[in-house]
Amino acid sequence: MPNDGNETFDMEHLLELAKEKKYRLLKEELVELNEVDIASFIEELDSERTVIVFRMLPKALATEVFAELPVDKQSHIINSITDKELSEIVEELYVDDAVDLVEELPATVVRRVLQNTKPETRKLINQFLNYPENTAGSIMTAEYVGLKKTMTVEQCFAYIRHHAVDSETIYTCYVMDEKRMLDGVVTVKDLLLQPYERQVGDIMDTHVIKARTTDDQEQVADTMNKYGLLSMPVVDSEDRLVGIITVDDVMEVMEEEATEDFEKMAAMLPSEKPYLKTGVFTLAKNRIPWLLILMLSSTITGGILVKYENAFAAIPLLVSFIPMLMDTGGNSGSQSSTMIIRGMAIGDVGPSDILKVVWKEVRVGVIVGFVLAVVNFIRLMIQYPGNTMICVTVVISLFCTVIVAKTIGCTLPIGAKVLKLDPAIMASPMITTIVDAVSLMVYFNLACHLLDMTV
């Protein structure tokens, strides 16, 4: 049996065995490894050895390893093996893994995969492909243990022993009526603790936390995380059980969503491919649109500087403080927006909390702004003695900028959520651009009033 992944393996040693063509010894060592480690090893092999090593794996293990391989390796293996071998792999895959395979492979390879799939499996795959992308229906699997509420505990165990070999999880079983309507759930632990003659309907939990096929996958992940579920049933519009979502599917969703949010927060269009496997032109294409938007929006800042050019022409020293004000404002706003975006992602903050959030961030801004202003006032008085009013103007501007930046940083992500946009787009680059313009207006307006200057 493969290990559980806790043991390490010697990649260099395995590669050396493959290089020396000691395949019998290599097979003995591979079958003791976890399928994820074997997939990592196969990724390091060249095209020829990839197929050789994959073919020598036991059929059941080969299927598990295949599901863990990247798309390019899967495509190469499919093009290198016989139709019979391909059919065995696809039939052994869990339906959700087979659907992922079909979604990601090139069209010519997909055609061959479907041609070598049994009609009932092909029908199931096509059914899953019809669900909208990023919904519960698109990530669920149809391999689950379904029981009848009239079954006794003894009958349930007999059914599980006979059918559970193809199920992705057997810990939680789902109880349905004759029309496949979901009535309740029961765990194997519940069954073990009950007499053999007792019926499932008497011990099942009828308060089922479930998802609909059209629910957003991120919402499903949040629900499973909130209630600590290992699996969640998925029903159609008529409450009929059509599949389940397991914790490994949810972990993939959470990783995808987190990656997408990080890319948006860095002002990039999301990419589905790993960084090292994404082309230079694709990376550039994903970055250019937001950079263009931010570049053009920064002309607002330039317009403000032009409007107040007489002010810093009269007192050139004012110009030297602009970078400090803009940077501090941008950083303050980014801190708030990051906290709020994270809070919304894990369900701690919602649009209805906007007044609480603003009140809290304003108070934080007052404290932070006061500390920064005091430190800066001392520094400026030492660095520029005799320019007291200019120093006062700078520190008051800094104090106001921090408060305004905190307020903008916390409200924009919530506003994006209300408008059905991804809050992640209101992250550092966008917040900084907006706060830069606001901080300059605050600064020069204060300077004109406190220093008796005309625009």
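Note: hydrogens, waters and symmetry copies are ignored here, and every other heavy atom, side chains too, is used.
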Residues at least two apart in sequence or cross-chain that pass side chain to side chain contact (heavy atoms under 4.5 Å, CB included) with I245, listed by chain then number, are A136, I139, M140, V220, M224, V234, D249, V250
Legend entry - Note, V366 side chain near I403 side chain (heavy atom, < 4.5 Å): yes
- Item | 4.5 Å side-chain heavy-atom contact, F444 and I322 | yes
field: Short side-chain to backbone donor-acceptor contact, S334 and G330, under 3.5 Å
entry: yes
In short, salt bridge (Lys or Arg N to Asp or Glu O under 4.0 Å) pairs touching residues 176-186 with sequence neighbours left out are K149-D183
Tightest non-hydrogen contact, residues V200 and C156, listed as CG2-SG, 2.9 Å
The side chain to side chain contact (heavy atoms under 4.5 Å, CB included) partners of S47 (sequence neighbours excluded) come to H76
Sequence neighbours excluded, the answer for side-chain hydrogen bond (donor to acceptor under 3.5 Å, both in side chains) partners of E361 is S336
For residues 345-352, tabulate all N or O donor-acceptor pairs below 3.5 Å that involve a side-chain atom, not counting sequence neighbours.
none

Of all heavy-atom pairs linking Y174 and M232, the shortest is OH-N, 4.0 Å
Backbone N or O of F66 within a donor-acceptor pair of the Q74 side chain at under 3.5 Å? yes
Hits for side chain to side chain contact (heavy atoms under 4.5 Å, CB included) against T63, two or more places apart or cross-chain, chain-then-number order -> E92, L93
To the nearest 0.5 Å, atom OG1 of T50 lies from atom CG of L45 at 5.0 Å
Taken to the nearest 0.5 Å, the spacing of T223 OG1 from I209 CD1 works out to 8.0 Å
Contacts of E44 meeting salt bridge (Lys or Arg N to Asp or Glu O under 4.0 Å) (sequence neighbours excluded), chain-then-number -> none
Less than 4.5 Å apart, any side-chain heavy atom of V404 and any of S439? no
Distance col, row M151:CE vs M204:CE, nearest 0.5 angstrom, shows 13.0 Å
Step through the shown structure and confirm whether more than 12 heavy atoms of other residues, nucleotides or ligands are within 6.0 Å of NZ on K210. yes
Tightest non-hydrogen contact, residues L33 and D37, listed as CB-CB, 4.5 Å
Shortest non-hydrogen pair, I244 vs P233, comes out as CG2-CA, 4.1 Å
The complete set of side chain to side chain donor-acceptor pair (under 3.5 Å) pairs with one or both residues in residues 391-409, sequence neighbours excluded, reads Q335-K406
query: Heavy atoms, side chains only, cut-off 4.5 Å: are L398 and M324 in contact?
result: yes
For the pair T213 and T135, evaluate side chain to side chain contact (heavy atoms under 4.5 Å, CB included) and give the outcome as yes or no after the intermediate values. CA-CA 7 Å; T213 53; T135 61; over 6 Å; no
In terms of heavy-atom contacts, C173 and I160 come closest through SG-CD1, 3.9 Å
### Query
Are side-chain heavy atoms of W359 and L355 found at a separation under 4.5 Å?
no
Can you give the donor-acceptor pairs under 3.5 Å from side chains of residues 376-388 to other protein atoms, not counting sequence neighbours?
from, atom 1, to, atom 2, distance (Å)
N376, OD1, R379, NE, 3.3
N376, OD1, R379, NH2, 2.9
R379, NH1, Q383, OE1, 2.8

Margin query: Is the shortest side-chain heavy-atom distance between Y171 and T187 below 4.5 Å?
Written below: yes
Applying salt bridge (Lys or Arg N to Asp or Glu O under 4.0 Å) to K73 and not counting sequence neighbours gives none
**Asked** Under the 3.5 angstrom rule, does the side chain of N445 hit a backbone N or O of M441 as a donor-acceptor pair?
**Response** yes
So CG of L372 and CD1 of I367: to nearest 0.5 Å the spacing works out to 12.0 Å
dist M251:CE -> N225:CG (nearest 0.5 Å) comes out at 11.0 Å
Run the side chain to side chain contact (heavy atoms under 4.5 Å, CB included) check on I89 and I81 step by step: do they pass?
CA-CA 10 Å; I89 289 174; I81 60 179; 3.7 Å; yes
*Does any non-hydrogen side-chain atom of I414 lie less than 4.5 Å from one of M344?*
yes
Sequence neighbours excluded, the answer for ring pair (Phe, Tyr, Trp, His ring centres under 6.0 Å) partners of F370 is none
T328 side-chain N/O to L325 backbone N/O, donor-acceptor pair under 3.5 Å:
no
Are the side chains of R212 and D239 in touch, meaning some heavy atoms are under 4.5 Å apart?
yes
By salt bridge (Lys or Arg N to Asp or Glu O under 4.0 Å), D236 pairs with (sequence neighbours left out) R240
The reported gap from CG in L182 to OG1 in T206 (rounded to nearest 0.5 angstrom) is 10.5 Å
Correct closest heavy-atom pair for V357 and C410 would be CG1-CB, 3.6 Å
